[in-house]
Amino acid sequence: MTQEEKQRELDLRYLRMARIWAENSYCKRRQVGALVVKDKTIISDGYNGTPSGFENICEDSNNITKPYVLHAEANAITKLARSSNNSDGSTLYVTASPCIECAKLIIQAGIRRVVYGELYRLEDGIDLLRKANIEVLYLNPDDDEPEKV
């Protein structure tokens with residue numbers, strides 16, 4: 001097995017784990033999970049939801065996501081701030097492609113690679129990551145072949 005094939009297998013494995021982690025979210029409209037991996041070790045995790053201390057209800061009575069709901073990537077990155085780990089050179093695995101606000105956090109956190117498993121309707125986050133020379137890979141664990149974006 002080549003190094004590229006080994007990396008693809010690892011990427012698929014971590015992306016499947018991020019999907020499972022998304023199941024922790026209380027959000028009804030969409031559950032998103034994220035893992036930050038460095039040197040084959042998960043150094044942080046996150047899923048979308050309300051800030052600590054808030055009730056675990058992400059949508060209002062009209063099924064609109066509340067403005068203070070944190071994205072999975074933001075939760076994983078801010079969790080790193082409270083740990084002894086740092087994300088320089090790490091990979092972020094996230095079930096949905098990052099929005100532009102999360103892309104800014106990813107850049108500032110020193111994450112060098114983003115692997116995501118589902119396209120988001122807006123692509124400005126992905127465009128910003130590419131502009132920052134961050135490797136971005138769309139890889140759907142349900143597909144046979146990954147598509148390098």
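Nothing fancy with the numbering, it's 1 onward along the sequence.
- Remark: the backbone N or O of Asp88 is paired with a side-chain donor or acceptor of Asn86 at under 3.5 angstrom.
- Minimum interatomic distance between Ala103 and Pro98 (heavy atoms only, all atoms of both residues): N-CB, 4.4 Å.
- Within the 4.5 Å cutoff, the side chain of Arg29 has heavy atoms near those of the Asn63 side chain.
- Here the CG-NZ distance, from Asp45 to Lys79, works out to 3.5 Å after rounding to the nearest 0.5 Å.
- Contact of the Cys27 side chain with the Glu59 side chain is registered, since non-hydrogen atoms from C-beta on lie closer than 4.5 Å.
- In Glu9, the CD atom is crowded: over 12 heavy atoms of neighbouring residues, nucleotides or ligands sit closer than 6.0 Å.
- Considering every non-hydrogen atom in both Arg112 and Gly89, the closest pair reads CG-CA, 3.4 Å.
- Between Ile111 and Ile77, the closest side-chain pair of non-hydrogen atoms falls below 4.5 Å.
- In terms of modelled atom types and a separation under 3.5 Å, the side chain of Asn48 and the main chain of Arg30 share a donor-acceptor contact.
- At a cut-off of 3.5 Å, with distance as the only test, no side-chain donor of Asn75 or Tyr47 sits close to an acceptor on the other residue.
- Looking only at distances, a side-chain donor or acceptor of Asp60 sits under 3.5 Å from a matching main-chain atom of Asn62.
- Salt bridge annotation for Asp11-Arg8: absent, with no cationic side-chain nitrogen under 4.0 angstrom from a carboxylate oxygen.
- The shortest side-chain heavy-atom distance between Asn85 and Ser44 does not fall under the 4.5 Å cut-off.
- Side-chain atoms of Leu129 and Ile107, non-hydrogen and from C-beta on, do get closer than 4.5 Å to each other.
- Clustering ILVMFWY residues whenever any of their side-chain heavy atoms sit less than 4.5 angstrom apart, transitively, puts Ile126 in the very cluster that holds Val36.
- Taking both residues in full, the closest heavy atoms of Gln31 and Ala22 are given as CB-O, 3.4 Å, listed atom of the first, atom of the second, then distance.
- Inter-residue side-chain proximity for Tyr138 and Ser97 is flagged as unmet; no heavy-atom pair is nearer than 4.5 Å.
- Closest of all the heavy-atom pairs between Gly49 and Cys58 is CA-SG, 4.0 Å.
- The distance from atom OG1 of Thr41 to atom CG of Asp39, rounded to the nearest 0.5 Å, is 6.5 Å.
- Both Leu105 and Val94 belong to a single network of hydrophobic side chains, linked directly or stepwise wherever heavy atoms of I, L, V, M, F, W or Y lie under 4.5 Å apart.
- For the residue pair Gly46 and Ala76, the shortest heavy atom distance occurs at N-CB, 3.8 Å.
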Task: Val32/His71 under side chain to side chain contact (heavy atoms under 4.5 Å, CB included): CA gap, chis, key distance, verdict - done: CA-CA 8 Å; Val32 180; His71 289 187; over 6 Å; no
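- Taking CG from Leu128 and NZ from Lys131, the interatomic distance works out to 7.5 Å, rounded to the nearest 0.5 Å.
- One distance of note links CG of Leu80 with OG of Ser90; it measures 7.0 Å at 0.5 Å rounding.
- Ile43 and Trp21 fall into different hydrophobic clusters, where Ile, Leu, Val, Met, Phe, Trp and Tyr are joined by side-chain heavy atoms under 4.5 Å apart, directly or via other members.
- In this structure, Val114 and Ile134 have side chains that are in contact, with non-hydrogen atoms separated by less than 4.5 Å.
- Taking OG1 from Thr91 and OH from Tyr14, the interatomic distance works out to 9.5 Å, rounded to the nearest 0.5 Å.
- Across every non-hydrogen atom of Pro141 and Arg19, the tightest pair is CD-NH2, 3.6 Å.
- Taking hydrophobic clusters as Ile, Leu, Val, Met, Phe, Trp and Tyr residues chained together by side-chain heavy-atom distances below 4.5 Å, Leu35 does not share a cluster with Ile20.
- The 12-atom threshold is not exceeded at CD of Glu123, counting heavy atoms of other residues, nucleotides or ligands nearer than 6.0 Å.
- Electrostatic pairing of Glu101 and Lys104 counts as a salt bridge here, judged by a charged N lying under 4.0 Å from a carboxylate O.
- Within 6.0 Å of the CD atom in Glu5, the count of heavy atoms belonging to other residues, nucleotides or ligands exceeds 12.
- Here the CG atom belonging to Leu15 is positioned 7.5 Å from the OG1 atom belonging to Thr95, to the nearest 0.5 angstrom.
- Side-chain atoms of Arg113 and Leu137, non-hydrogen and from C-beta on, do get closer than 4.5 Å to each other.
- Counting non-hydrogen atoms of neighbouring residues, nucleotides and ligands closer than 6.0 angstrom, the NZ atom of Lys28 reaches no more than 12 such neighbours.
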TODO: Show your reasoning for whether side chain to side chain contact (heavy atoms under 4.5 Å, CB included) applies to Ile42 and Met17.
DONE: CA-CA 10 Å; Ile42 297 169; Met17 291 170 71; 3.4 Å; yes
